[in-house]
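Some notes on the structure that comes next.
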Amino acid sequence: MTPVMKYLYRLYFLFIGFPLAIVATLLTSLTTIIGCSLGNGHFWGYYPAHIWGRVMLWVSLIPVKVEGRKNLEPGQSYVFVANHQGAYDIFLIYGYLNRNFKWMMKYQIGSIPFVGFACKKAHHIFVDKRGPKKIKATYDAARETLKDGMSVTMFPEGSRSFTGHMGIFRKGAFALADELQLPVVPMTINGSFNIMPRQRDFHFPCWHRLTLTIHAPIYPVGQGPDNVQATLHQAYDSVMSALEPEFQGYVENPDQ
């Protein structure tokens, strides 16, 4: 993008894109809260946010490419795992995975005004590691969700990358998939770091294409620690394989 186009994009985002994004977020949160209070939480907890994800990328003028949807079977529950390049990962997965799911998210998100309450009403799963009882409650909630035929989506790095490169994968998602004998679906996100890297939170986004690559599911070949480790390493390699060359290779993230 040329310097002139960059500043025109910033002006557009400041006066048009950002106000529309705020309105869309508030309306989505309100719709989710009311819908989940009155009706089917699985429906109202997903479809308003699905539309919201697409709207957020549309008002940001971000083009999207999705590869690999054919790898998913109708009606199958999955544990989706993806690299976490930036804030726009949320919009991309919500808007373009086209699969009803619950997030496993940091418990701190529950304290965000309005949005946090909407996430609670939608029955997303808050990961709380402040002691064994809270950890057990997190996984109990995830098990109940997946038993209902729902899928769950997690960022196994645990936090956004500081560099665009992947950090280590933690085993929580893979242990959950192992316990319930569910397939893990690795997903690779490209472009989110270029739009709004972590160190530029609350700055203007930059225009860049987003790509979501949905890899073939990894089915369990056993149960126990060996299966957990094998699935984790296979998922990591799959996600890494589709990253843009500039982000290939492991780079340690400071908060991991």
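When a residue number appears, it is its place in the shown sequence, counting from 1. As the structure is a prediction and not an experimental result, all values here were calculated from the model.
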For [X] and [Y], work out which heavy atoms get closest and say how close.
{"X": "Thr32", "Y": "Gly45", "result": "CG2-CA, 4.3 Å"}
{"X": "Ala82", "Y": "Pro156", "result": "O-CD, 3.4 Å"}
{"X": "Ile214", "Y": "Arg69", "result": "CD1-CG, 3.8 Å"}
{"X": "His124", "Y": "Trp103", "result": "ND1-N, 3.0 Å"}

Just so I know, are the side chains of [X] and [Y] near enough to count as touching, which here means a heavy-atom distance under 4.5 Å?
{"X": "Asn71", "Y": "Tyr78", "answer": "no"}
{"X": "Met166", "Y": "Glu157", "answer": "yes"}
{"X": "His208", "Y": "Met196", "answer": "no"}
{"X": "Phe126", "Y": "Lys120", "answer": "yes"}

Between His50 and Tyr46, what is the ring plane arrangement, given parallel below 30°, perpendicular above 60°, and tilted in between?
-> parallel
When the ring planes of Phe174 and Phe169 are compared, do they come out parallel, tilted or perpendicular, using 30° and 60° as the limits?
-> parallel
Cluster link Leu30 to Phe117, ILVMFWY, side chain under 4.5 Å | yes
In this structure, CZ of Phe204 is separated from NZ of Lys6 (nearest 0.5 Å) by 11.5 Å
Using the salt bridge (Lys or Arg N to Asp or Glu O under 4.0 Å) rule, collect all pairs that involve residues 48-65, keeping only residues at least two apart or in two chains.
-> Lys65-Glu67
Could you go through residues 7-20 and list every donor-acceptor pair under 3.5 Å that involves a side-chain atom there, pairing it with any protein atom two or more places apart or in another chain?
| unit_1 | atom_1 | unit_2 | atom_2 | d |
| --- | --- | --- | --- | --- |
| Tyr9 | OH | Ser60 | O | 2.6 |
| Tyr12 | OH | Val59 | O | 2.6 |

For atom CH2 of Trp44, decide whether the heavy atoms of other residues, nucleotides or ligands shown that lie under 6.0 angstrom number more than 12.
-> no
Apply ring-ring contact (aromatic ring centres under 6.0 Å, His included) to Phe247 and Phe193, showing your working.
-> CA-CA 10 Å; Phe247 298 125; Phe193 185 79; 5.5 Å; yes
Could you give all pairs that pass the side chain to side chain donor-acceptor pair (under 3.5 Å) test and reach residues 177-188, with sequence neighbours left out?
-> Arg143-Glu179, Asp178-Asn227, Thr188-His215
